[in-house]
Colleague: 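Here you go, one structure.
Residue numbers start from 1 in every chain, and the chains themselves are labelled A, B, ... in the order their sequence lines are given, proteins ahead of strands. Please read all numbers here as calculations on a predicted model, not as lab measurements.
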2 protein chains.
Amino acid sequence: MTTELKPDMFAPECPTRQVPMRIGDKWTAMIVLCLEDGPRRFGELLVPLSAITKKVLAETLRAMERDGLVTRTEFPANPPHVEYALTPLGRSLLTLIDAARDWCAEHLPELTEARRAYTSSFSAASKIS
Amino acid sequence: MTTELKPDMFAPECPTRQVPMRIGDKWTAMIVLCLEDGPRRFGELLVPLSAITKKVLAETLRAMERDGLVTRTEFPANPPHVEYALTPLGRSLLTLIDAARDWCAEHLPELTEARRAYTSSFSAASKIS
DNA sequence: GGGTCTGGTTACCGCAACGAAACCGGCAGT
DNA sequence: ACTGCCGGTTTCGTTGCGGTAACCAGACCC
């Protein structure tokens, strides 16, 4: 058992504060999942992420490329197209994402029930997003 | 080995889409960590979360209470005070948060380096947050 | 020359999160 | 009566993520 040193999330200068849940932004985790089984083209990513717009997809992919999570490869063939693929770093996120999905699978009912109970007990008053 | 069914993040109506990274909001994970060793008072939480404002702390705690992650207990003693404590559900988040911190501890250098390399190679052009 | 496919970019905008600062009500101390 | 502590709430303002719609450049097809 390697006693790893956890990052100090409480230090204001710790990059953990900036980074960790970029994964938690609206689309990054889903894009990683989309790329799990191999490279995909821009247009292929648009389909499963039904609600995303081209702009946001492009932005998110750029940010992921910047952070070394995906690679962008242009094929100047005919018609020219572009492929996005996971880097090893991006792929390493899969275990984390899976852990999050497992947590959801296990505990989401409790959370939903808690939320229901809470809002029904203060039916009128509170307004928490 | 229980073959758990992962939530379908791609279904627009899946609550996974709403919930998962509420954990990833700016403060929830840190508050969970603060409460790890036992109940804390409002004022005690303000200290380690040095940058948080009372308003945001109150909002975040309310949301966490709504979701069944913490309990709020008033002590009408003298002087009156309030204690926040993790519920079992909230405590179950610790493993997930630890997984995220482990990932950061392990891969943050790569990510930082990727970011540095990216921004230095396009020193002038790109502006990604 | 006109339409279409691909992989975007640009301009604009709304909303929710986040934050700074002031205020508040009950009670204790002096 | 005045001061301060505790646990907030109120007001106002800023920032930034995400979204909508329009446009674009290259290449191919007709």
Colleague: Tell me: CD of A:E74 to P of D:dG26, nearest whole Å?
Modeller: 13 Å

Colleague: Is there a donor-acceptor pair closer than 3.5 Å between any side-chain N or O of A:D25 and the backbone N or O of A:W27?
Modeller: yes

Colleague: Just by protein heavy atoms under 4.0 Å, how would nucleotides 2-12 of chain C read 5' to 3' in B, S and -?
Modeller: ----SBBSBB-

Colleague: What integer distance in Å separates B:F75:CZ from C:dC27:C1'?
Modeller: 18 Å

Colleague: Sequence neighbours left out, what passes side-chain contact (heavy atoms from CB on, under 4.5 Å) with B:S92? Give chain and number order.
Modeller: A:W103, A:H107, B:L89

Colleague: Separation of B:L57 atom CG from D:dC6 atom P, in whole Å?
Modeller: 14 Å

Colleague: Roughly how many Å is it from NZ in A:K26 to P in D:dG16, rounded to a whole number?
Modeller: 19 Å

Colleague: Between D:dG19 atom C1' and A:D25 atom CG, what is the distance in whole Å?
Modeller: 15 Å

Colleague: Quickly work out the A:I52 CD1 to D:dC17 P distance and round it to whole Å.
Modeller: 14 Å

Colleague: Of all residues at least two apart in sequence or in a different chain, which pass the side-chain contact (heavy atoms from CB on, under 4.5 Å) check with A:A58?
Modeller: A:F42

Colleague: For B:R72, give me all partners under side-chain hydrogen bond (donor to acceptor under 3.5 Å, both in side chains), at least two apart in sequence or on another chain.
Modeller: B:E74

Colleague: By side-chain hydrogen bond (donor to acceptor under 3.5 Å, both in side chains), which residues pair with A:T53, not counting sequence neighbours?
Modeller: none

Colleague: Sequence neighbours left out, what pairs pass side chain to side chain donor-acceptor pair (under 3.5 Å) with at least one residue falling in residues 30-46 of chain A?
Modeller: none

